Amino acid sequence: MFCIKRFCFVMTIVSAAPLTELEKAVNHLIDVFHKYSNTSSNLIDPAGIEKLCSDLDVSRTDIRFLMLAWTMKAEKQGYITHEEWTRGLKALRADTIDELKKALPQLEKEVRTPSNFADFYAYAFRYSLTEEKPESTDIETICQLLDTVMGSTFRPQVDYFVEYLKIQKDYKVINMDQWMGFYRFCNEVISFPDMSEYSPGLAWPLVLNNFVEWIREKQA
């Protein structure tokens with residue numbers, strides 16, 4: 001306390017209020033993001049993603065990383081913004097790498113439910129697009145993507161389709177309509193490779209009509 005003439009003043013030091021649990025979690029998210037981000041761009045770039053995948057014990061081609069990108073709604077392949085990172089980790093209720101790693105098995109289980117998988121499948125295609133090819137993806141990339149996204153669920157269909165895509169000469173790229181057509185094919189043509197219920201008149205993309213014709217010629 002100090003006095004000036006007749007007035008006395010009491011000086012008090014007000015300490016900062018303790019952080020709430022939410023504030024602590026947000027700070028953790030920021031700290032972990034900066035562990036992997038490029039300081040100049042403030043993005044997790046390809047080098048940061050490699051380090052992130054290493055810490056998560058997954059490869060960049062692992063479907064679980066693609067599912068993580070889907071949860072973040074990451075827009076550009078090979079890059080994660082701070083907003084995307086925060087969105088994804090909040091959705092998974094993880095604010096450390098250990099928690100994120102533990103969340104991956106449950107994430108995979110949830111994504112594979114029918115209500116989520118169609119959206120994830122479409123996202124996988126969009127995520128593969130580049131600035132040079134904003135509407136289609138080259139055959140080599142499509143074959144790799146099919147193996148990653150659909151291989152564990154529809155192995156015979158994927159193997160046949162990949163084989164066909166690699167030997168055919170009519171298509172150098174695949175677009176979204178063709179990509180989604182193969183998803184529909186796998187879910188609706190139950191009798192594969194017999195394909196007794198397949199009808200070319202049911203508005204299939206031409207690439208699938210050609211694919212089915214190719215299989216039937218192999219079986220003849």
Side-chain angles (χ1 to χ4, degrees), residues 19-131 133 137-138 140-155 158-159 162 176 179 182-183 186:
L19 294 176
T20 66
E21 291 302 314
L22 177 59
E23 289 170 329
K24 290 179 182 178
V26 170
N27 285 342
H28 285 153
L29 291 178
I30 294 172
D31 290 342
V32 178
F33 176 81
H34 288 308
K35 178 181 178 181
Y36 300 102
S37 65
N38 183 310
T39 53
S40 60
S41 65
N42 199 34
L43 296 170
I44 298 179
D45 59 15
I49 286 179
E50 287 289 352
K51 188 175 189 310
L52 172 63
C53 288
S54 176
D55 290 347
L56 292 174
D57 291 330
V58 300
S59 72
R60 284 190 63 174
T61 58
D62 192 304
I63 192 171
R64 290 171 295 176
F65 177 74
L66 191 55
M67 289 173 172
L68 179 58
W70 174 78
T71 304
M72 293 178 178
K73 298 181 181 178
E75 294 185 359
K76 186 176 181 181
Q77 184 177 181
Y79 296 87
I80 302 172
T81 67
H82 182 267
E83 180 183 359
E84 291 165 349
W85 174 266
T86 303
R87 180 191 298 126
L89 268 68
K90 280 185 176 180
L92 296 172
R93 297 183 180 180
D95 57 22
T96 67
I97 287 299
D98 284 342
E99 290 178 357
L100 180 56
K101 187 175 179 179
K102 291 175 182 177
L104 292 181
Q106 182 60 30
L107 171 62
E108 182 174 5
K109 183 178 179 181
E110 291 177 3
V111 174
R112 289 191 181 278
T113 60
S115 59
N116 286 326
F117 195 79
D119 184 70
F120 168 70
Y121 180 82
Y123 169 82
F125 181 84
R126 293 194 301 271
Y127 189 66
S128 73
L129 298 174
T130 63
E131 293 180 0
K133 295 180 180 179
T137 299
D138 65 88
E140 181 180 357
T141 300
I142 283 294
C143 291
Q144 295 170 349
L145 199 58
L146 283 169
D147 186 68
T148 298
V149 177
M150 298 282 275
S152 64
T153 309
F154 296 102
R155 174 51 61 191
V158 168
D159 286 346
V162 165
M176 174 65 92
W179 172 259
F182 183 69
Y183 178 78
C186 289

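Values in this document were obtained by computation on a predicted structure and should not be read as measured data.
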_Under 3.5 Å: donor-acceptor pair, side chain of Thr153, backbone of Met150_ = no

_Polar side-chain atom of Thr86 near backbone of His82 as donor-acceptor pair, under 3.5 Å_ =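 It does hold such a pair.
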
*asked:* Using the rule given for side chain to side chain donor-acceptor pair (under 3.5 Å), can you reason through Ser128 versus Thr137, listing the C-alpha separation, both sets of side-chain angles and the distance that settles it, and then say yes or no?
replied: CA-CA 7 Å; Ser128 73; Thr137 299; 3.0 Å; yes

Does any part of the side chain of [Y], heavy atoms only, come nearer than 4.5 Å to the side chain of [X], both counted from C-beta?
X      : Y      : answer
Val111 : Tyr123 : no
Arg64  : Leu56  : no
Thr39  : His34  : no
Leu107 : Leu104 : yes
Arg126 : Met176 : yes

When rounded to the nearest 0.5 angstrom, what is the spacing between [atom1] in [X] and [atom2] in [Y]?
X      : Y      : atom1 : atom2 : value
Arg87  : Leu29  : CZ    : CG    : 13.0 Å
Asp95  : Asp31  : CG    : CG    : 10.0 Å
Arg60  : Leu52  : CZ    : CG    : 10.0 Å
Trp179 : Phe125 : CH2   : CZ    : 8.0 Å
Leu89  : Leu100 : CG    : CG    : 5.0 Å
Asn116 : Glu110 : CG    : CD    : 7.5 Å

Expected list for residues 142-149: side-chain donor-acceptor pairs under 3.5 angstrom, two or more places apart:
from: Asp147; atom 1: OD1; to: Arg155; atom 2: NH1; distance (Å): 2.9
from: Asp147; atom 1: OD1; to: Arg155; atom 2: NH2; distance (Å): 2.9
from: Thr148; atom 1: OG1; to: Gln144; atom 2: O; distance (Å): 3.1

*Which of these, Phe154, Phe182, Tyr183, sits in a ring-ring contact (aromatic ring centres under 6.0 Å, His included) with Tyr121?*
Tyr183

*For the pair Asp98 and Lys102, find out whether any cationic side-chain nitrogen is under 4.0 Å from an anionic carboxylate oxygen.*
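Result for this pair is no, no salt bridge flagged.
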
_I'd like to check the salt bridge (charged side-chain N to carboxylate O under 4.0 Å, His left out) partners of Glu108; sequence neighbours left out, ordered by chain and number._
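Arg112.
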
N/O donor-acceptor pairs under 3.5 Å from side chains in residues 65-80, not counting sequence neighbours:
from: Trp70; atom 1: NE1; to: Asp119; atom 2: OD2; distance (Å): 2.8
from: Thr71; atom 1: OG1; to: Met67; atom 2: O; distance (Å): 3.0
from: Gln77; atom 1: NE2; to: Tyr127; atom 2: O; distance (Å): 3.3

_Stepwise side-chain contact (heavy atoms from CB on, under 4.5 Å) check, Asp55 with Tyr36_ = CA-CA 10 Å; Asp55 290 347; Tyr36 300 102; 2.6 Å; yes

